[in-house]
*Asks:* 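Structure incoming, see below.
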Amino acid sequence: MAEKRNYWLVKSEPDVFSIDDLFAAPGKSTCWDGVRNYTARNMLRDELKNGDGVLYYHSRTDPPGIAGTAEVVREGYPDHTQFDPKNSHFDAKADPENPRWFMVDIRALEKFPRHVPLEEIKASSKLAEMAVVQRGQRLSVQRVTAAEWREVLRMGKSEKR
DNA sequence: GCCAACGTTGGC
DNA sequence: GCCAACGTTGGC
C-alpha cells in the first residue's frame, strides 16, 4: 500500500543556507532547525513525513524563487538549538522534558536548471493559489498541492517557458 | 483576555 | 535599507 506523499515549501535565505549548501552538506542533508513559529512548528512536528516532497525557496534575495527540491528523511524531533544558550535560536523557556520547537531532516533531490522566480509563480494561473504568493504570507513551512508541485517542477526543468 | 508595543519577515 | 504585514509579548 502506497503512503500518500505530501508536498511542502520551505523558505531559506540563501546567504544563510542555500540549496547549494544543502547539496554540499554531508549526505546532501541537514536538520531544518531554527523555526520559531507555532503554526510551522506544528507542521514540522506532526505532518511532514519521510519521503514527502519539499520545494526549496530562496527568500530575501534577488529574485526570490524556488531553487530546487528536497525530501523529508527524518520526521519531527526536538530542535536542539532551543537548548543551546550560544545559539541565536536559543529559547530560555524551552524545557528538555517538554520541547517546544521541532525540526525535520531534509535531503537535496534536485537543483533546477533555472530557479522559478516568485514573479513567474504569481503570473501562473496554476500557481496563483500557492501560499507563498499570498499577501503577507511569512510562514517558513507551507503546504503545497500535488498539482502545484508538478507545475513548479515542470517550470523549473524547462529552459524555456 | 484585550490590545499596544515590539520584533521579525521578506518583497521591493 | 525601507516598511507593511504579521506573530508574540506583557501590562493592565
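By convention in this document, chain letters (A, B, ...) are assigned in the order of the sequence lines, proteins followed by strands, and residues within each chain are numbered from 1.
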*Asks:* Listed by chain and number, what are the side-chain hydrogen bond (donor to acceptor under 3.5 Å, both in side chains) partners of A/Asn37, not counting sequence neighbours?
*Replies:*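 Testing A/Asn37 for side-chain hydrogen bond (donor to acceptor under 3.5 Å, both in side chains), a comparison that skips the adjacent residues, returns none.
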*Asks:* Nearest whole angstrom, please: distance from the P of C/dG1 to the CG of A/Asp15.
*Replies:* 14 Å
*Asks:* Which residues pass the side-chain hydrogen bond (donor to acceptor under 3.5 Å, both in side chains) test with A/Asp21, sequence neighbours left out?
*Replies:*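 If we apply the side-chain hydrogen bond (donor to acceptor under 3.5 Å, both in side chains) test to A/Asp21, skipping adjacent residues, the hits are A/Ser18.
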*Asks:* Could you list the residues that satisfy side-chain hydrogen bond (donor to acceptor under 3.5 Å, both in side chains) with A/Arg74, not counting sequence neighbours?
*Replies:*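 With sequence neighbours excluded, A/Arg74 shows a side-chain hydrogen bond (donor to acceptor under 3.5 Å, both in side chains) to no residue whatsoever.
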*Asks:* Write down the protein N/O and nucleotide N/O pairs, taken from nucleotides 5-9 of chain C, whose separation is under 3.5 Å; answer none if there are no such pairs.
*Replies:*
residue, atom, partner, partner atom, Å
C/dA5, OP1, A/Arg135, NH1, 2.8
C/dA5, OP1, A/Arg135, NH2, 2.5
C/dA5, N3, A/Arg138, NH1, 3.1
C/dC6, OP1, A/Arg135, O, 3.1
C/dC6, O2, A/Arg138, NH1, 2.9
C/dC6, O2, A/Arg138, NH2, 2.8

*Asks:* Run the side-chain hydrogen bond (donor to acceptor under 3.5 Å, both in side chains) test against A/Glu71 and tell me which residues pass, sequence neighbours left out.
*Replies:*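 Applying side-chain hydrogen bond (donor to acceptor under 3.5 Å, both in side chains) to A/Glu71 gives A/Arg107.
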*Asks:* Which residues satisfy the salt bridge (charged side-chain N to carboxylate O under 4.0 Å, His left out) test with A/Asp91, sequence neighbours excluded?
*Replies:* A/Arg100
*Asks:* Check the distance between B/dG11's P and A/Ile66's CD1 and give it to me in whole angstrom.
*Replies:*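 Result: 11 Å.
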*Asks:* Could you tell me the separation between the CD atom of A/Glu119 and the P atom of B/dC12, rounded to a whole number of Å?
*Replies:* 8 Å
